[in-house]
Amino acid sequence: MRRGGTSRARVRAFAAPLVAALLAGPTATGCGATGSGHADRAPSAGADGGRTTPPSPRVTSDEDLCTKLVGHWSRKVLDGRAYGDYQSMGLSGGQYDILREVVDSARAAERQGVTDVGRLIDREAREGCVEWYRAGGPGEGPWR
């Protein structure tokens, strides 16, 4: 007689329901269900015999992402609705430097009576981000 061990019958009794639950998991959670955006998507009729290849996902360039982030937060800072520091905004130190320059220019433009400061923000954020990435951007360190 063994002490402290587990019998094979007990292991099988526990393992069978566990395996069944793991195998049923994706079905129960709706993975691949109609309308989920995953499997079961019916091909639409097209010139290629009824099979249409879905479009490839669009990849956002580093410069475009930088421009969107800097533009967004520049508007928030200008409106007095920003909070926290550059890290809580999801910006790197370099992107925050661009943001400060953009906000300074936008404030100066507002003082001069420019009405469409949004276009100025977009243009300067784009120019700053493109130049930053040409100069090396965030670098290759762990905080890239």
Side-chain angles (χ1 to χ4, degrees), residues 4-8 10-144:
T6 342
S7 71
R8 287 186 180 170
R10 280 182 155 173
V11 170
R12 282 189 203 121
F14 177 74
L18 178 63
V19 170
L22 290 173
L23 292 174
T27 306
T29 60
C31 292
T34 303
S36 68
H38 293 83
D40 294 343
R41 189 175 281 177
S44 59
D48 57 355
R51 306 191 77 150
T52 302
T53 306
S56 299
R58 184 172 176 264
V59 176
T60 304
S61 71
D62 292 338
E63 292 86 355
D64 288 343
L65 182 59
C66 173
T67 301
K68 288 179 183 180
L69 285 169
V70 170
H72 170 80
W73 285 110
S74 294
R75 286 175 174 81
K76 295 273 189 191
V77 169
L78 199 59
D79 292 343
R81 296 182 294 150
Y83 59 93
D85 62 0
Y86 69 96
Q87 291 174 333
S88 66
M89 294 177 192
L91 301 175
S92 69
Q95 290 168 331
Y96 188 66
D97 291 341
I98 297 166
L99 176 137
R100 290 188 313 200
E101 291 176 15
V102 169
V103 169
D104 288 346
S105 293
R107 284 185 178 142
E110 281 184 331
R111 284 192 297 272
Q112 294 174 357
V114 174
T115 56
D116 193 5
V117 177
R119 286 178 46 182
L120 173 84
I121 289 173
D122 292 338
R123 186 182 72 243
E124 290 201 5
R126 179 84 178 142
E127 290 171 0
C129 289
V130 167
E131 180 59 33
W132 185 55
Y133 274 96
R134 279 191 190 139
E140 297 296 325
W143 301 107
R144 182 183 152 120

Residues at least two apart in sequence or cross-chain that pass salt bridge (charged side-chain N to carboxylate O under 4.0 Å, His left out) with D97, listed by chain then number, are R100

So disulfide bond (SG atoms under 2.5 Å apart) across residues 67-113, not counting sequence neighbours, yields none

All heavy atoms of Y86 vs all of G93, minimum pair found to be CE1-N, 3.7 Å

Closest non-hydrogen atoms of T67 and C129, given as atom of the first, atom of the second and distance, are N-SG, 3.5 Å

Taken in chain and number order and not counting sequence neighbours, the residues that satisfy side-chain hydrogen bond (donor to acceptor under 3.5 Å, both in side chains) with R81 are D79

Please confirm whether the backbone N or O of S92 pairs with a side-chain atom of Q95, one donor and one acceptor, at under 3.5 Å? yes

Checking the side chain of W132 only, and the main-chain atoms of I98 only, is there a donor and an acceptor separated by less than 3.5 Å?
no

So CZ of R134 and CD of E63: to nearest 0.5 Å the spacing works out to 8.5 Å

From the list L69, V70, V77, side-chain contact (heavy atoms from CB on, under 4.5 Å) with M89 holds only for V77

- Query: Has the side chain of R107 got a donor or acceptor atom that lies under 3.5 Å from a matching backbone atom of L78?
  - Reply: no

Residue pairs passing the disulfide bond (SG atoms under 2.5 Å apart) test with at least one member in residues 92-121, sequence neighbours excluded, are none

Quick note, disulfide bond (SG atoms under 2.5 Å apart) partners involving residues 71-109, not counting sequence neighbours, are none

Heavy-atom closest pair (G71 atom, A125 atom, distance to 0.1 Å) is N-CB, 4.1 Å

Test your reading of the model: is there a side-chain donor-acceptor pair from D62 to the backbone of L65, 3.5 Å cut-off?
no

Here the gap from L91 atom CG to L99 atom CG, rounded to the nearest 0.5 Å, amounts to 6.5 Å

Nearest heavy-atom contact between S74 and V102 is OG-CG1, 3.6 Å

CD of E110 to OG of S105, rounded to nearest 0.5 Å, is 11.5 Å

- Task: Check the surroundings of atom CZ in R119: do more than 12 heavy atoms from other residues, nucleotides or ligands lie under 6.0 Å from it?
- Result: no

Hits for side-chain hydrogen bond (donor to acceptor under 3.5 Å, both in side chains) against D64, two or more places apart or cross-chain, chain-then-number order -> S61, R126

Electrostatic pair K68:D122 at N-O distance under 4.0 angstrom
no

